[in-house]
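Here the structure comes first, spelled out in structure tokens, and everything after it is commentary.
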Amino acid sequence: MIILGIDTSCDDTSIAVSRDRTVLANCISSQDSVHQEFGGVVPMLAKREHHANFQPVLMQALTEAGISIEDVDRIAITIGPGLAPALEIGVELAEQLAATHSLPIEPIHHMEGHLLSSLATNQDGSGGLDPSTVTFPALGILASGGHTEIVLISDWGKYEILGETVDDALGEAYDKVARMLGLGFPGGGKLAQLASFGNPRAYDLPLAMLQSGDCNVSYSGIKTATKRLIYEVSQNATQTLTTEQTQDIAASFQRAALFTFLKKIQKVLEKYPVNNVLLGGGVAVNTVFQEELERLLLPYEAKLSKPVSSRLCQDNGAMIAVAAYIHSQAQYHLPIEKLDRRPQWRLDDYSSALDFSSAL
Ligand code: KG4
Ligand code: ZN
């Protein structure tokens, strides 16, 4: 099955082509340069950019995949969660495309895309987790700029959020601290890079929610404490931080932020013995996070599966196409009367709305 996967949930216009779960093309037009000067994503600008970039990215994806639109069997589109104007334009353009070429269109939850992104294989069919080897329940670990979730996967399409952030997402906290250190937006990746040169034990930052009894995390406290720390280390903002101080602050922040999330993941593992853990989202590219997670899973003998490329971790269309493929294999779909954007859609609400009696 040839699937055209489309995601315009935030500031990347992403269009991909997959053959089943093999990624033939995964094209992304980044809007970072447009939003940079505002220090965050401006929804109406994102919408305008998606509108302008949609056709060129579509052409690029088809060309890279070596196919024409006539070869496509179905369109998979993210309808939520995300920025309302950004989702809206993606849905509208995907619908027009589907109508012009008489193609079925499958609505997908953005976080299901991230959750299933480790199933995608390289263009030559190598890599990627084989879905037939997954045993249930499995766990999903999702960390991006908008979400931080620990998900129980009792079957394909059957998702329960066991733990999540009560305030900022993990990637969002990275971005905010990066901005405090003058690293621009989105600075999460740059902050992680600086952290790799720093001493993670240089400064003590609060480890939030450890005694909360649940599996939720919080990042607003760490963020505020890091702001205070930067102020103190820079002598009440009278001195510029040295490179070493910046690296140590970045490393100390990263240690605190990852530690609390890992502790909550461990809590879930104690309760739910699983064989498979699926990692997804923009923060999944973080090598310290990956290594710490691997270490945490060792005594539980659970296998960690991560996306085969960093492109599959960030927002992309291929994960949406692969999710649609899993829908067809596992025989489920989202029954809806009218295709519409759903900016505030929870993964478990999506899961409960799915129809497991047939594929689209
Ligand atoms: O999944 P994604 O591309 O978009 C959302 O759905 O949010 O995730 C982007 C997030 C940003 O917050 C970015 O700063 C963060 O992922 N990120 C990282 C790293 N690279 C990107 N966070 C920590 N370490 C990294 N190496
Ligand atoms: Zn995302």
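Both ligands and their constituent atoms are indexed starting at 1 by order of listing.
- Set against the non-hydrogen atoms of G146, the atoms of ligand 1 under 4.0 Å away are 7 (O).
- Of the protein's heavy atoms, D175 OD2, 2.6 Å lies nearest to atom 12 (O) of ligand 1.
- Counting only N and O atoms by type, the side chains of D167 and S220 include a donor and acceptor under 3.5 Å apart.
- Nearest protein heavy-atom contact of atom 22 (N) of ligand 1 is V283 CG2, 3.7 Å.
- Looking only at distances, a side-chain donor or acceptor of T8 sits under 3.5 Å from a matching main-chain atom of A86.
- If you check which protein heavy atom lies closest to atom 24 (N) of ligand 1, you get N286 ND2, 2.9 Å.
- The nearest protein atom to atom 6 (O) of ligand 1, hydrogens excluded, is given as D315 OD1, 2.9 Å; this is a heavy-atom distance.
- Both tests do not hold together for K267 against Y272: distance to the six-membered ring centre under 6.0 Å, angle to the ring axis within 45°.
- Residue contacts with ligand 1: C313 is included, with a non-hydrogen atom under 4.0 Å away.
- For the pair N122 (side chain) and D124 (backbone), a donor-acceptor distance under 3.5 Å is absent.
- Taking a cut-off of under 4.0 Å to the non-hydrogen atoms of G189, the atoms of ligand 1 that pass are 19 (C), 20 (N), 25 (C), 26 (N).
- Less than 4.0 angstrom separates some heavy atom of S144 from each of these atoms of ligand 1: 1 (O), 5 (C), 6 (O), 7 (O), 8 (O).
- Looking only at heavy atoms of the protein, atom 7 (O) of ligand 1 is closest to G145 N, 2.7 Å.
- Among L278, L116, T121, the one residue that satisfies the side chain to side chain contact (heavy atoms under 4.5 Å, CB included) test with L129 is L278.
- Against a heavy-atom cut-off of under 4.0 Å, H110 is close to the following atoms of ligand 1: 6 (O).
- With hydrogens and angles disregarded, a donor-acceptor distance shorter than 3.5 Å links the side chain of H50 to the backbone of C10.
- Close contacts of ligand 1 with Q314, meaning ligand atoms under 4.0 Å from a residue heavy atom, involve 3 (O).
- Atoms of ligand 1 found under 4.0 Å from any heavy atom of A192 (numbered from 1 in listed order, with element): 24 (N), 25 (C), 26 (N).
- The distance cut-off of 2.8 Å around the Zn ion (ligand 2) captures these protein N, O or S atoms, sorted by chain and number: H110 NE2, H114 NE2, D315 OD1.
- Checking each of I69, I15, L97 against I75 for a side chain to side chain contact (heavy atoms under 4.5 Å, CB included) leaves exactly one that passes, namely L97.
- Between K176 and E172, at least one side-chain nitrogen of the basic residue sits less than 4.0 Å from a carboxylate oxygen of the acidic one, meeting the salt-bridge criterion.
- Inspection of the S14 and D12 side chains reveals no N or O donor paired with an N or O acceptor under 3.5 Å.
- Distance from atom 20 (N) of ligand 1 to its nearest protein heavy atom, with residue and atom name: V285 CG2, 3.5 Å.
- Looking at E294 and K306, a side-chain N of the basic residue comes within less than 4.0 Å of a carboxylate O on the acidic one, giving a salt bridge.
- Using modelled atom types and a 3.5 Å distance limit, the side chains of E164 and H147 yield no donor-acceptor pair.
- Between F289 and F261, the distance from one ring center to the other falls under 6.0 angstrom.
- Here the two rings, on F185 and F38, have centers that are 6.0 Å apart or farther.
- G282 O, 3.8 Å is the protein heavy atom nearest to atom 17 (N) of ligand 1.
- Interface atoms of ligand 1 facing H114, defined by a heavy-atom separation under 4.0 Å, are 1 (O), 6 (O).
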